[in-house]
Visitor: 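Have a look at this one.
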Amino acid sequence: MNQHETLLSGQHITQRWGGLTALDDVSLEIERGTVHAVIGTNGAGKSTLINILSGELKPTEGQVTLLGNDVTRWSQPRRARGGLGRSYQRNTIYPDFTVSENCRLAAQAQIQRPWVWWNNAQQCQISTTNASNAILQAGLDDVSNSIAGPLSHGQKRQLEVAMCLSTHPQVLLLDEPLAGMGAEETERMLALLEQLKQDHAILLVEHDMDAVFRIADRITVMVNGKVIATDTPANIRSNPDVQTAYLGEH
Amino acid sequence: MDLSVFLIQLLNSLQYGLLLYLVAMGLTLIFGIMGVINLAHGSFYMIGAYMAYALAPLVGGNFFLTLLVGLVLAVILGYLLEWAFFSFLYDREHLQQVLMTYGLILVFEEVRSLLVGDDVYGVSVPDILSGSIALGDVMTYPVYRLFVSAVCLLLALGMYLVFTRTRLGMMIRAGSVNREMVQSLGIDIKFLYRVVFAAGVAIAAFAGMISAPVSSIYPGMGNQVLIICFVVVVIGGIGSIRGAFFAALLIGLVDTFGKVLLPEASGVLVYVLMALILLWKPNGLFKAG
Amino acid sequence: MIYKEKGKTLFVGLFFLALALYPLVGGEYSITLVNKIMIYAILALSLELLVGSTGLVCFGQAAFFGIGAYAAILLSPEDGPASVWFLLPACVVLAATYALFVGALSLRTKGVYFIMVTLAFAQMAYYVVHDTSLGGGSDGIYMYFTPGEETWLDLSNPVILYFFTLLFLVWTFVFLAILLRSHLGRALAGIRINEQRMLASGFSTYPYKLAAFVTSGGIAGMAGFLFAVQDGFVNPEMLSWHLSGALLVMIILGGLGHLHGAMIGAFVFVFLQEFFKSAEIFGDFAEHWHLGLGLTIIISVALLPKGLVGLPELVQKRLFGTQAG
């Protein structure tokens, strides 16, 4: 396995809404073994980009490649089954289910069988195994039988990642996994990401700059729908364009 | 079908389509702006038609005076209903709105039954518009139907000007595309809701009143119109007032000519049309935004 | 998961037991009435699968019910009783086929448009039987021979029909309870709560929703068969949107998201209807029973958002100010 092979890439992605250009010729490549952060102010196009990569939106122009396949025309579920996992900015967990059932249901997506109405889903070997592995990896094993709704905010964000992992993705698109977290919770999540990047490619959209510069291997800076720089954290920090356009505001 | 028959059917379908538009527009607006799916909207059409019948003796049989009084009553009814009932529905789920407005239909129908009875009535055409004009050599066309089309068209045009040229219209258009946006603009939402709702009720009732002389008045007439209006909204496209206009005219054409050409299947044709359009464009012909 | 709680299982068990014992005490009229309510309960269960379990608000359930009922009569030979084992599956298949057509198209839309489209397609079926000579037009059509007549399963005998209906009510309940724990059922639950998340996990949700829609239509068709057999007569009003609305009222009155809620809702709704229709209580005003029903619907939706199933919890909260366990 090539440690730095490109798993997900977007080439020349443009998205227009009527007269408004939300993304303008954006290209980026995400490699296995790296955390690739995308930063930018609100409205810079980060969410649009993540939605196009995950397949929720079809771009006006451009191409998305996943594990060597052109997936531009693939639907979101097909991309997800093909190795792409994403988390959302808002919590999308199922509050009435237990932690393990949340993950088991996500894992069940690998078995696309809508006609199976007779089995007991919670005794399904494949999905329960995948779910418990993901729970273990995300460090939620001590609450795996608790109902998800009353968990702490940090645990819910971890669960969100665990649900992604249950589907065996190779690429993770994480939309603000640190939002609203306390210091301790942030540390735990960063440790998790550090561990996950060993065998995943991770795209991270995040507002917590300290965390981004600590963990990211590459950073893409977006302003008004355009990429103004993609580089290592050290180079981004010293890039004059970035400082005037973005970091200078802080 | 010779030319004059064709022309007559064309005029009929125009008139029917325009009436549908008036009712469907209110439905779309109320849904677009307040997020309320109002099953009872067809009842306002029914109430209008019954007002045209029941109010006439009270105002001395003058049709135009009946229209005016009916319109005022409809605005008051809409305003009061919004205040007493619909304002509680905004935060509810669609399912609960459906059920509560379904309950409201049952109430409206029974109140109508208590007040006016369950018979089928007719309203006579006002004298001044009772003539016919010649179409071709042998066919004639009633002036009143032309009057209905003209009034509907004027009303539609008037609404169009309100939508495009006034501040109120801007708020309404913004609201039908994105409700949160209007709320964030600091507009007096309660007032906007009440105005839009009362206007929707008044227009539906008005449509019922002026159509009373050309179609009989019967229990359940409102629900029939309501369901056709759903088809109009689905075909026209989500939140699109322009779409509703063209869809209503299209349905007018299909329904009217269907009755002439395929009388057995006429009731089903508009639904087949809807099925085909859903197959082709699931979001309708004119998706807004 | 759904029926983990012993209390619920006990309640449902006692409920079915009471229904099984009822013919011992009930007269012929009331057996027929309870039989009709059980048919509505099957129908309410079929709708609960869509609305309560999947989150799809279908406003056209009466169409599948009506198609099942019309099929039962139109497919019966005129010169003798039909075989139950042929007729019942045929009704289910026909209703499910129409559900496949309606579902395939309406599931392309979402939310409030789904409500409108299902209503419109039900109305389309209504016009087909109302305007064409296929099923006797607006007058309806009679069944000449009750299926199974002069065999051991003589459905013209009200008591046999009663137990036949009860059997299918229990079957529907158990079938749905099993279905809801399965791969399909869990996916439907996920779709109800957050379809976006399901898509992101890799579920193509459309086939799951369509499976639910067709299953629901088939069960409604079964209820239609039972109804036609009981009454020996069908008319277009069986497909009317009033019935579709009434079914929605039943399941929300009972309590969404609970199979036993749908059954309770069906019973309470029909009792309410009979109450408002009763001339002994309301005299001449009973003619306007829709008024009382309409007001009850409005009040109950406003005051009982969780339905009757949520009533114990609500009472406990009001009385003791605490959440029920």
Side-chain angles (χ1 to χ4, degrees), chain A residues 50-51 54-56 74-88 90-98 101-124 126-127 130-131 147-149 160 163-169 173 175, chain C residues 1-5 46 49 52-55 96 100 103-104 107-108 171-172 174-216 218-219 256-258 306 323 325:
Chain A
I50 216 171
N51 285 339
S54 71
E56 265 163 76
W74 288 21
S75 66
Q76 183 184 17
R78 193 171 167 203
R79 289 186 205 189
R81 293 198 294 274
L84 188 71
R86 79 162 287 185
S87 76
Y88 288 85
R90 279 182 308 119
N91 280 331
T92 57
I93 58 169
Y94 301 117
D96 297 337
F97 296 177
T98 61
E101 178 58 6
N102 265 284
C103 292
R104 196 209 59 74
L105 185 56
Q108 191 194 310
Q110 300 290 312
I111 319 160
Q112 189 63 214
R113 283 190 298 187
W115 56 87
V116 175
W117 60 265
W118 54 85
N119 67 349
N120 183 344
Q122 280 167 327
Q123 284 163 10
C124 165
I126 308 167
S127 55
N130 286 344
I147 301 290
E160 191 90 3
M163 284 165 79
C164 273
L165 293 175
S166 307
T167 64
H168 266 313
L173 307 180
D175 199 349
Chain C
M1 173 117 184
I2 306 259
Y3 291 101
K4 211 187 242 171
E5 293 165 52
S46 79
L49 173 64
S53 309
T54 319
L100 181 65
L107 288 170
R108 290 165 69 88
W171 179 83
T172 306
V174 173
F175 169 74
L176 290 178
I178 292 174
L179 185 149
L180 291 179
R181 310 180 315 172
S182 72
H183 274 170
L184 171 60
R186 300 311 287 166
L188 296 179
I191 290 168
R192 180 190 73 231
I193 304 166
N194 191 337
E195 186 166 1
Q196 190 53 59
R197 177 74 249 174
M198 294 296 279
L199 290 166
S201 296
F203 282 96
S204 298
T205 54
Y206 183 83
Y208 286 93
K209 291 190 283 185
L210 193 57
F213 205 90
V214 172
T215 307
S216 168
I219 296 172
L256 274 189
H258 304 275
K306 285 187 177 171
Q323 203 96 23

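Below, chain A is the first sequence line, B the second, and so on; all start at residue 1. Predicted model, so just to flag it, every value in this text is computed and none were measured.
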Visitor: Using non-hydrogen atoms only, which part of A:Leu173 is less than 4.5 Å away from chain C: side chain, backbone, both, or neither?
Guide: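 The answer is neither part of A:Leu173.
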Visitor: Does the side chain of A:Tyr94 come within less than 4.5 Å of C:Arg192's, by heavy atoms?
Guide: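 Heavy-atom side-chain distance check fails, nothing below 4.5 Å.
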Visitor: Got a second to check how far C:His183's NE2 is from A:Trp118's CH2, nearest 0.5 Å?
Guide: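 Going from the NE2 atom of C:His183 to the CH2 atom of A:Trp118 covers 10.5 Å.
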Visitor: Would you mind telling me which of A:Arg86, A:Arg104, A:Gln112, A:Glu56 has the largest number of heavy-atom pairs within less than 4.5 Å of chain C?
Guide: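 Sorted descending by pairs with chain C, the first entry is A:Gln112.
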Visitor: For a quick test of reading the model, state the closest non-hydrogen atom pair linking C:Ser201 to A:Ala106 and the distance between them.
Guide: OG-CB, 3.8 Å
Visitor: A:Arg81 side chain to C:Gly202 main-chain N or O, any donor-acceptor pair under 3.5 Å?
Guide: yes
Visitor: Do side-chain atoms of A:Gln108 reach the backbone of C:Ala187 as a donor and acceptor pair under 3.5 angstrom?
Guide: no
Visitor: Taking the side chain as everything from C-beta on, heavy atoms only, tell me whether C:Gln196 gets closer than 4.5 Å to A:Thr92.
Guide: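 C:Gln196 does not reach A:Thr92 side chain to side chain.
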Visitor: Find the distance between CZ (C:Arg186) and OG (A:Ser127) and round it off to the nearest 0.5 Å.
Guide: 11.0 Å
Visitor: How close do C:Ala200 and A:Ala80 get, counting heavy atoms only, and between which atoms?
Guide: O-CB, 3.2 Å
Visitor: Quick one: does C:Ile193's side chain get under 4.5 Å of A:Phe97's, heavy atoms only?
Guide: yes
Visitor: To the closest 0.5 Å, what do you measure between CZ (C:Phe203) and CD (A:Gln76)?
Guide: 13.0 Å
Visitor: Identify which part of A:Gln123 has an atom lying under 4.5 Å from any heavy atom of chain C, answering side chain, backbone, both or neither.
Guide: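 For A:Gln123, no heavy atom lies under 4.5 Å from chain C.
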Visitor: Flag the pair A:Ile93 / C:Arg197 as yes when at least one side-chain heavy-atom distance between them is below 4.5 Å, and no otherwise.
Guide: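 No, side chains not in contact.
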Visitor: Measure A:Ser75 against the heavy atoms of chain C and call it side chain, backbone, both or neither at under 4.5 Å.
Guide: neither
Visitor: Using non-hydrogen atoms and a 4.5 Å limit, figure out which bit of A:Arg78 sits close to chain C: side chain, backbone, both or neither.
Guide: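 The answer is neither part of A:Arg78.
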Visitor: Tell me, for A:Pro95 versus chain C, whether the close heavy atoms (under 4.5 Å) come from the side chain, the backbone, both or neither.
Guide: side chain
Visitor: Does A:Arg113 offer a backbone N or O that forms a donor-acceptor pair with the side chain of C:Tyr208 under 3.5 Å?
Guide: yes
Visitor: How many angstroms lie between atom CG of C:Leu180 and atom CG of A:Asn120, to the nearest 0.5 angstrom?
Guide: 11.5 Å
Visitor: Between C:Pro207, C:Ala211, C:Gly190, C:Gly185, which shows the greatest number of heavy-atom pairs under 4.5 Å with chain A?
Guide: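 Going by pairs under 4.5 Å, I would pick C:Gly190.
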